[in-house]
Participant: 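Sharing a structure, written as structure tokens. Questions coming.
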Amino acid sequence: MVLKIYNTMSRKKEEFIPVEKGKVKMYVCGMTVYSDAHIGHARTYLAFDIIRRYLEYKGYKVTYVQNITDVDDKIIAAANKKGINPLDYSKYFTERCLKDLDALGIRRADFYPKASENINDMIEIIQKILENGYGYVSDGDVYFSVEKFKEYGRLSRRKLEEMKAGARIEPTEKKRNPLDFALWKSAKPGEPSWDSPWGKGRPGWHIECSTMSSKYLGLPFDIHGGGMDLIFPHHENEIAQAEAATGKKFVNYWIHVGLLTVNKEKMSKSLGNIINIRDAIKKWKPDVIRFFFVSNHHRSPPDFNEKALENAEASLKKIYRVKQDLEKYCKEKHMAKSDEKIFLSEVKKFKNRFEEAMDDDFNTPRAIAELFSFIRIVNRYLKNKEISSKAAEKAYSTLLELGKILTLFQEKKEETEVKEKIEKLAKKYGVKTKDKIDEIIDEILKIRENARKNKEWVKADAIRAELNEIGIEIEDTREGTRWRKVK
RNA sequence: GGGCGGGUAACAAAGUGGCUAUGUGGCGGACUGCAGAUCCGCAUACGCGGGUUCAAAUCCCGCCCCGCCCUCCA
């Protein structure tokens, strides 16, 4: 099966062919670290985490680089305001932001190069740009001359003349063309600065990505990504710089993810509606937030709102239930009632359809739809106990394998916490505590079973409610009471 | 003003020139002390107006509306 990726450069889905067979090199624009990571960051980095997971699933060896912008106007402003050294300030937030993403269950990239640690490489690239005639020095600053780069505007589909017309850019005497952008900024008091052939200063924003991506991945590399908002000017400028300096093609596939809104509004500082990851996970579990994002296609803009998250939570529960049911079924040593070839072919079919969806520009909502269709089939077979435990295991392993691509099933069970609560409950009902949680639960259910036999409904219902509270779902069936852990 | 992307049932969200998307919610049924889960079935769609076609929500044209970018931004 062929993987197709929607390439912003061509605005088409293209067959994916890596530069080097069996390997994928991807670079995603990372965070500017001056405050906590927010759910917009989460949306983007989760999307690329899943892209990376799927590429790995397809057998590619993926090298994933994400930069850290730790030298920047906003960082300097924020740090100076608090009287902290800007580099210390950004160092603090680098750790914090990465931990925020950890907390959400987003896998870390392979490399996190920092702007402040790659200044020399940036200077070299700027020198090459100057040597090749694409830039100029102006009073300690260095600028890129957009008119010299004939391809300028190709990614964002803009023409230089049109941009000038509607530009809101302040004309600067230092720039020859208002659209020229800074490669190097001369030092101002209170700013971190480095020595350069043009005097003390610091790099412009765009140059770090051109530099670090080519340094870590070589040119051209396969995938470059980021939020939609970065198409212009950031990515446009990155292309100009990298190609002007090296004469090589920069990137083969550009992937841009849709920007998140909150209650249909853009998330921005001015609206004051930025939701930090830290705050979001107080209200919603990480897996719920992840599932919400995965239910949206990466290129469309998801809207973060109460109802949508509740939906995600309910849907997720359904997935956890089959997982638990399959686990139990496998342990119960069932024999096949009839030919289970059909069931096994359904498992295979699910895998194929899932891959088909993911091969189509990483279409996670479609993959989820296939997942739910599969769940219905599994439930049907489980209900009638038609299949052997071995066949169930096949379904189970497939569910886990594919689910993990969508970042499902990665939550560590909060075993100790649950155990404590169960033990408390056991004590209440005079059940002797045992080593295994499962056994304690079984004991408690015996108490409840007795109550039910005596038609002590209040007591029986109370036990059920209490277990539910802990996350244990109770189900009375003809063959007795079953239970499962639901997060 | 220029560029880009959208408008799908109660909500969320895919997709597609004719064949059930999917999940949550709703309704009915099986099951059941109740509840829940599960299964079976049902209902509610494709912004508006034209056109092409045997057939369009899907293609074309026009219109309306929304969002994003053009300034730091994932």
Side-chain angles (χ1 to χ4, degrees), chain A residues 8 11 28-32 34 37-48 66 69 72-74 77 153 156-159 161-170 179 205 225-234 236 256-261 264-269 274 291-292 295-297 299-303 305-319 321-322 324-325 357 360 363-373 375-384 452-453 455-458 460-461 464-465 468 473-478 482-484 486:
Chain A
T8 309
R11 316 269 161 167
V28 174
C29 285
M31 296 174 281
T32 300
Y34 69 103
H38 55 68
I39 52 174
H41 293 122
R43 190 269 189 289
T44 297
Y45 301 124
L46 178 68
F48 285 103
Q66 201 181 108
T69 301
D72 154 278
D73 291 348
K74 270 183 291 193
S156 54
R157 310 220 154 170
R158 288 155 210 251
K159 294 192 175 100
E161 314 85 65
E162 285 167 359
M163 278 192 271
K164 273 189 219 164
R168 285 185 253 159
I169 303 160
E170 308 273 320
L179 290 161
W205 173 40
M228 289 281 187
D229 54 340
L230 295 182
I231 296 173
F232 190 88
H234 186 54
E236 198 71 71
H256 290 97
V257 303
L259 292 191
L260 171 109
T261 55
K264 291 282 175 201
E265 280 181 322
K266 179 189 175 178
M267 193 171 75
S268 72
K269 232 175 195 158
I274 290 181
F291 191 79
F292 161 70
S295 335
N296 285 265
H297 185 90
R299 277 192 287 116
S300 55
D303 185 58
N305 63 70
E306 196 87 2
K307 188 84 201 245
L309 271 289
E310 278 169 11
N311 266 334
E313 192 168 38
S315 304
L316 242 199
K317 269 199 179 166
K318 196 183 179 90
I319 300 174
R321 282 191 205 107
V322 235
Q324 273 268 316
D325 289 351
D360 182 17
N363 195 326
T364 52
R366 230 175 92 190
I368 289 176
E370 294 302 339
L371 175 69
F372 279 113
S373 299
I375 286 173
R376 193 171 59 235
I377 291 166
V378 171
N379 277 329
R380 200 153 53 203
Y381 278 88
L382 250 40
K383 183 190 168 108
N384 301 329
R452 289 183 70 214
K453 278 195 184 121
K455 295 197 193 294
E456 296 172 52
W457 306 126
V458 177
D461 290 352
R464 177 169 62 196
N468 229 304
E473 239 175 40
I474 299 304
E475 195 181 320
D476 295 322
T477 73
R478 210 183 288 168
R482 294 173 65 89
W483 61 269
R484 53 164 98 76
V486 179

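All values reported here derive from a predicted model rather than from experimental measurement.
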Participant: At 4.0 Å (heavy atoms only), tell me whether A/G225 reaches a base, stays on the sugar-phosphate, or touches nothing.
Facilitator: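 Answer is nothing: A/G225 stays at 4.0 Å or more from every strand.
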Participant: For A/R452, which residues count as a side chain to side chain contact (heavy atoms under 4.5 Å, CB included) partner, sequence neighbours excluded?
Facilitator: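 A/R448, A/E449, A/W457, A/A460, A/D476, A/T481.
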Participant: Whole angstrom is fine here: how far is it from CD in A/E456 over to P in B/rG33?
Facilitator: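 After rounding, the gap between these two atoms is 17 Å.
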Participant: Ignoring hydrogens and angles, does a donor from either the side chain of A/R321 or the base of B/rA37 sit under 3.5 Å from an acceptor on the other?
Facilitator: no
Participant: What does A/L371 touch in the nucleic acid at a heavy-atom separation under 4.0 angstrom: a base, only the sugar-phosphate, or nothing?
Facilitator: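 It contacts nothing in the nucleic acid.
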Participant: Classify the nucleic acid contact of A/G226 as base, sugar-phosphate or nothing, counting any heavy atom under 4.0 Å across all strands shown.
Facilitator: sugar-phosphate
Participant: C1' atom, B/rU44 versus B/rU22: distance in rounded Å?
Facilitator: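 My reading of the C1' atoms in B/rU44 and B/rU22 gives 16 Å.
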Participant: In sequence, state the C-alpha distance, the side-chain angles, and the governing distance for A/R464 and A/D461, and then conclude on side chain to side chain contact (heavy atoms under 4.5 Å, CB included).
Facilitator: CA-CA 5 Å; A/R464 177 169 62 196; A/D461 290 352; 3.1 Å; yes
Participant: Are any of the side-chain heavy atoms of A/R157 and A/R11 separated by less than 4.5 Å?
Facilitator: yes
Participant: Would you give me the side-chain donor-acceptor pairs under 3.5 Å for residues 365-373 of chain A, sequence neighbours excluded?
Facilitator:
| from | atom 1 | to | atom 2 | distance (Å) |
| --- | --- | --- | --- | --- |
| A/R366 | NH1 | A/D360 | OD2 | 3.0 |
| A/S373 | OG | A/A369 | O | 3.1 |

Participant: Remember a base hit wins even if backbone is also touched, and classify A/L259 as base, sugar-phosphate or nothing at under 4.0 Å, heavy atoms.
Facilitator: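 If one applies the 4.0 Å heavy-atom cut-off, A/L259 turns out to touch a base.
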Participant: By nearest atom, which of the nucleotides B/rC72, B/rC39, B/rC70 is closest to the A/F232 side chain?
Facilitator: B/rC70
Participant: Using only heavy-atom distances, decide whether a donor-acceptor pair under 3.5 angstrom links the side-chain of A/R376 to the base of B/rC40.
Facilitator: no
Participant: Please enumerate all protein N or O atoms sitting under 3.5 Å from an N or O of nucleotides 26-32 of chain B, with distances to 0.1 Å.
Facilitator:
none

Participant: For B/rA21 versus B/rA9, give the span between their P atoms, rounded off to a whole number of Å.
Facilitator: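 One P to the other, the span is 14 Å.
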Participant: May I ask you to say what A/R158 touches in the nucleic acid, namely base, sugar-phosphate or nothing, with a heavy-atom cut-off under 4.0 Å?
Facilitator: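 Counting heavy atoms under 4.0 Å across all strands, the contact made by A/R158 includes a base.
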Participant: Let me know the distance between CD1 of A/I231 and C1' of B/rU71, rounded to the nearest Å.
Facilitator: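 Rounding to the nearest Å, CD1 of A/I231 and C1' of B/rU71 are 16 Å apart.
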Participant: Quick one: CZ on A/F292 to CG on A/N311, what's the gap to the nearest 0.5 Å?
Facilitator: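 Rounded to the nearest 0.5 Å, the CZ-CG separation comes out at 10.0 Å.
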Participant: Using a cut-off of less than 4.0 Å, is there contact between a side-chain N or O of A/T477 and OP1 or OP2 of B/rU38?
Facilitator: no
Participant: Please report the distance separating the C1' of B/rA57 from the corresponding atom of B/rG47, rounded so that it comes out in whole Å.
Facilitator: 11 Å
Participant: Taking the P atom of each, how far is B/rC27 from B/rC63, in whole Å?
Facilitator: 45 Å
Participant: So which one's nearest nucleotide on RNA chain B is more toward 5', A/R464 or A/E265?
Facilitator: A/R464
Participant: In terms of side-chain geometry, is the basic nitrogen of A/E473 or A/R321 positioned less than 4.0 Å from the acidic oxygen of its partner?
Facilitator: yes
Participant: Taking any heavy-atom pair under 4.0 Å as a contact, classify A/L382: base, sugar-phosphate, or nothing.
Facilitator: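 It contacts nothing in the nucleic acid.
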Participant: Heavy-atom distance under 4.5 Å between the side chains of A/L259 and A/K266, does that happen here?
Facilitator: no
Participant: Counting the atoms with a prime plus P, OP1 and OP2 as sugar-phosphate, which does A/T364 contact under 4.0 Å by heavy atoms, base, sugar-phosphate, or nothing?
Facilitator: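 It contacts nothing in the nucleic acid.
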Participant: Between the base of B/rG23 and the ring of A/F372 - centre-to-centre under 5.5 Å, planes within under 30° - is that a stack?
Facilitator: no
Participant: Which atom pair, heavy atoms only, marks the closest approach of A/E236 to A/S156?
Facilitator: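 Smallest interatomic distance, heavy atoms only, reads OE1-OG, 2.5 Å.
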Participant: Going 5' to 3' through nucleotides 6-21 of chain B, assign each nucleotide B (protein heavy atom under 4.0 Å from a base atom), S (under 4.0 Å only from sugar-phosphate atoms) or - (no protein heavy atom that close).
Facilitator: -----BSSSS-----B
Participant: Measure the distance from OH on A/Y381 to P on B/rC40 and round it to the nearest whole Å.
Facilitator: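 To the nearest whole Å, that distance equals 12 Å.
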Participant: Both atom distances under 3.5 Å, Watson-Crick or G-U wobble: I'd like the secondary structure of RNA chain B as a dot-bracket string, with | for pairs made across strands.
Facilitator: (((((((..(((.....[...))).(((((.......)))))....(((((..]....))))))))))))....
Participant: State whether A/K318 places a side-chain N or O below 4.0 Å from either non-bridging phosphate oxygen (OP1 or OP2) of B/rU24.
Facilitator: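 It does, given that an N or O in the side chain of A/K318 lies less than 4.0 Å from OP1 or OP2 of B/rU24.
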Participant: For atom P, what is the distance between B/rA56 and B/rC48, given to the nearest Å?
Facilitator: 15 Å
Participant: What integer distance in Å separates A/H234:NE2 from B/rU71:C1'?
Facilitator: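 Nearest whole value for this atom pair: 15 Å.
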Participant: Which of these nucleotides, B/rC68, B/rC34, B/rG23, is closest to any side-chain atom of A/S315?
Facilitator: B/rG23
Participant: How close or far is atom C1' of B/rU38 from atom CD of A/Q324, stated in whole angstroms?
Facilitator: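 In whole Å, B/rU38 C1' lies 15 Å from A/Q324 CD.
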Participant: Quickly work out the A/L316 CG to B/rG25 P distance and round it to whole Å.
Facilitator: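 Atom CG in A/L316 sits about 14 Å away from atom P in B/rG25.
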Participant: In whole angstrom, give the distance that lies between atom CZ of A/R380 and atom C1' of B/rG41.
Facilitator: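 For the pair A/R380 CZ and B/rG41 C1', the rounded distance is 13 Å.
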Participant: Would you indicate whether the side-chain heavy atoms of A/N379 and A/V322 approach each other to under 4.5 Å?
Facilitator: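 A side-chain contact exists here, since the closest heavy-atom pair is under 4.5 Å.
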Participant: Rounded at 0.5 Å granularity, tell me how far CE in A/M31 sits from NE2 in A/H38.
Facilitator: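 Between A/M31 CE and A/H38 NE2, I get 9.5 Å after rounding to 0.5 Å.
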Participant: Find the distance A/M228:CE to B/rA74:C1' and express it as a whole number of Å.
Facilitator: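 It works out to 12 Å between those atoms.
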Participant: Using the C1' atom on both, measure B/rG50 against B/rC11 and round to a whole Å.
Facilitator: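 Rounded to whole Å, the distance is 32 Å.
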Participant: According to side-chain hydrogen bond (donor to acceptor under 3.5 Å, both in side chains), who are the partners of A/N363, at least two apart in sequence or on a separate chain?
Facilitator: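 Expected list: none.
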Participant: Once rounded to the nearest 0.5 Å, what's the spacing between atom CZ of A/R376 and atom NZ of A/K318?
Facilitator: 8.5 Å
Participant: Hey, could you give me the CD/CG distance between A/E265 and A/N305, rounded to the nearest 0.5 Å?
Facilitator: 12.0 Å
Participant: For nucleotides B/rG6 and B/rA10, find the distance between their P atoms and express it as a whole number of Å.
Facilitator: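 Approximately 23 Å lies between the P atom of B/rG6 and that of B/rA10.
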Participant: Could you give the distance separating B/rG23 and B/rG62 at their C1' atoms, to the nearest angstrom?
Facilitator: 37 Å
Participant: Could you say whether A/R157 or A/D229 is positioned toward the 5' end of RNA chain B, judged by the nucleotide with the nearest heavy atom to each?
Facilitator: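 The residue mapped nearer the 5' terminus is A/R157.
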Participant: Do A/F48 and A/Q66 come within less than 4.5 Å of each other through their side chains, counting heavy atoms only?
Facilitator: no
Participant: So which atom in A/A308 and which in A/D303 form the shortest heavy-atom distance, rounded to 0.1 Å?
Facilitator: CB-O, 4.0 Å
